[in-house]
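Whatever order the structure lists ligands and atoms in, that order sets their numbers, starting from 1. The model shown is predicted, which means the values in this text are computed figures rather than measured ones.
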Amino acid sequence: MKHSRILILAVLAAVVSCQGRKTTTVGSTPETEQRIERLLSRMTLAEKIGQMNQLSGGGDVANYAEAIRNGQVGSILNEVDPQKVNEFQRISVEESRLGIPLLIARDVIHGFHTVFPIPLGLAATFDPDLVEQGARMAALEATAQGVRWTFSPMLDIARDPRWGRIAEGSGEDTYLDARMAEAMVYGYQGRQPDTTSMAACIKHFVGYGAAEGGRDYNSTFLTERQLRNVYLPPFQAAVEAGAMTLMTSFNDNDGVPSTGNTFVVKDILRGEWGFDGLVVTDWNSMGEMIVHGFGTDRKDVARKALEAGVDMDMMTYGFLSHLEELVKTGAVKEAAIDDAVRNILRVKFVLGLFEHPYVDAGKAAAVQYAPDHLAAAQRSAEESAILLKNDGVLPLKADAVRSILVTGPMADAPHDQLGTWAFDGEKSHTVTPLKALQERFPGKVTYVPGLRYSREKRDSFQDVVAAARRADVVLVFLGEEAILSGEAHALADLNMKGSQSELLAALKAAGKPVVATVMAGRPLTIERDLPNCNAMLYAFHPGTMGGPALTNLLFGDVNPSGKTPITFLRTVGQAPLYYSHNMTGRPYNGETLLDDIGMEAGQTSLGNTSYYLDYGAYPLFPFGYGLSYTQFAYSGITLDKAVYGPEDEIRVSLTLANTGDCDGTEVVQVYIRDLVGSITRPVKELKAFQRVTLKAGESRNLTLTVPVSDLAFYGLDGVKKVESGDFQLWVAGDSASGDPVSFQVE
Ligand code: BGC
């Protein structure tokens, strides 16, 4: 009773008025809702259940023809050949009884043919506009081949770099993740639906990134409050941005697998947020509830998934095989199936699939790798690279260079620089650093790979060292191949694999300037490598245009502006370590480290605070960190008020000056801390950011705003609200810098 009232209220709240017409969270009109009802009323139970079934394509069309013709398929994933897509659609539209088009789905995660940096790299840009533009281009390319649904964006907050899927998300921070979520939803779907709209699928709902030990698919134990304060907000932001679909995750949280989790799907997503889009399972995650020990057999888990609020089954065949029987025995109500089908049809109608089921296969190729797509991919790679160290060697001077040694396993790894989930990016179109450097400096580049792949072990690097001695500068490209991150690719050791660290040390010993560029799917533990290079640029797998982007950065045509979207650890044993942790009762205060303890220390107290005896309490690089070839100075940070009301907007003013001698872009970040709460609060939380480009010597007055309502959280009573009291606010270029200003909320 209580739930249904909440549901009705939430749906009403979610309904927005658009030029006098009502729309739902996914943007359907009253006319569309009528079309859905008319179609639904003509459907047999079997046809309804057919809509709830998603199959994997990729094979011979004939294999699926009969099932499609019989109305047993609502969606196909993994078919990107436009001719085959058209043939699937033709069978569905012309040969099935009701002619309902199929939803063709694909994991278009960071670009389609033109591959952009992996999502973790996109987050490092702190540039939602650029990210939206990239997602739009991915949609243009994918929809041209008939793909109208992507399983992206992944919104899993990830605070453990052992987890391979950290590559696929926006990192550790709730606020940054939410901004990236909105950008990608707008980009994929377009601000107005048309034939180039590709439905976004926000995933994995929910908590998947908190896998214990960073081991993929592992259990999570997130409390409701953590879910609501940290893990759910990006999903809610994406729903509010109009995300059409959502995917349940593989993990069980506190014992409940997501695909059968009524609380998160039915109560929160549907009830509180009023989501009326399509909920799909992850691949066989319905069936895996049996393996979890959460259901006896496929029939049992099919019922549980439906009851939880799932509409479509990806590859378990649970709905297809058992729902009819479950309805006939009264275990499941047909009304629940009707609701699921409404959600599926709604997306198909909003996408315009009934009007435009086919693509112009002849035109599809022309859209791929369009020059503006390549340019945006390059710019994204440029903005995403993070300068972690520079003793002044960078930027290199192009006209002074006579000989460059290019080395390392990632220098010419066209497939691997694309990163995880780049099914459709072709290595023949990928520009590696080696290729870009050879093109730019003909005759000046010597290439000695040193290591053919990241895991190779070698005892001696005589050939590379000899070449280094002959060169003016050494550009070494290290990191990890695509295969080392992504789904099911967790690592327990985050040091650079193989003999990469030894290669770097050998190069350093050769005595020439060494610039290391790391391309990876996660923040590796690079502390031991930093002393062995004069500069280090960190590029999360940068995609198709990684080579030209990195070349431009190394030679100063573009000034680095990327910032870490995730804390960089000194050693894997520190995981999880993230900037917005709660305040402990015994915060670290610079106490003794192991190396400083004398031989006879015995059991003496070392201060009794929260840190590791061997590694202290701090990371290698904090969240939000990244250098530039210029310097920025923050001054005059003032708030417009000392005391704010709950409806106010905090306006923070400052002067940002570029005090160096080249133009550059700074990501200005605003953090707050709620000093006393009904529950302990994070020591800092990002609440706003802005990319600001300044000419050398220029300074600018800036004002950033934070609505006081953004300080709300779920406190002790489980209600989201702003708690009055004392706060601090920082404006700085990373999460560990700056001095706080104080304010109050009454
Ligand atoms: C992944 C999803 C993906 C799906 C379809 C699963 O293994 O967890 O993220 O969208 O496969 O390819």
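The side-chain tip of Arg215 does not point at the ring of Tyr217 from less than 6.0 angstrom away and within 45° of straight on.
Salt bridge present: Arg191 and Glu132 bring a charged side-chain N and a carboxylate O closer than 4.0 Å. The residues Lys299 and Asp297 are annotated as not salt-bridged, no charged nitrogen and carboxylate oxygen being separated by less than 4.0 angstrom. Classification of Arg270 and Asp311 as a salt-bridged pair holds, one side-chain N sitting under 4.0 Å from a carboxylate O.
Ligand-side atoms of ligand 1 in range of His204: 2 (C), 8 (O), 9 (O), range being under 4.0 angstrom from any heavy atom. If you number the atoms of ligand 1 from 1 as listed, the ones under 4.0 Å from a heavy atom of Phe151 come out as 10 (O). Those atoms of ligand 1 with a heavy atom of Lys203 less than 4.0 angstrom away are 2 (C), 3 (C), 9 (O), 10 (O).
Shown here for Leu155 and Pro234, the closest heavy-atom pair between the two residues is CD1-O, 3.6 Å.
Atom 10 (O) of ligand 1 has its nearest heavy-atom neighbour, among Asp282, Thr150, Asp156, Asp107, in Asp107.
In Met154, neither the side chain nor the backbone holds a heavy atom less than 4.0 Å from any atom of ligand 1. Under 4.0 angstrom from ligand 1, the non-hydrogen atoms of Arg165 all belong to its side chain.
Between Phe294 and Val301, every side-chain heavy-atom pair lies at or beyond the 4.5 Å cut-off. Arg159 is listed as a side-chain neighbour of Val230, based on a closest heavy-atom distance under 4.5 Å.
Heavy-atom separations between Glu168 and ligand 1 are all 4.0 Å or longer. Look at Phe423 and you'll find every heavy atom at least 4.0 Å from all atoms of ligand 1. By the 4.0 Å heavy-atom criterion, Met247 is counted among the residues contacting ligand 1.
No N or O atom of Trp421 sits closer than 3.5 Å to an N or O atom of ligand 1.
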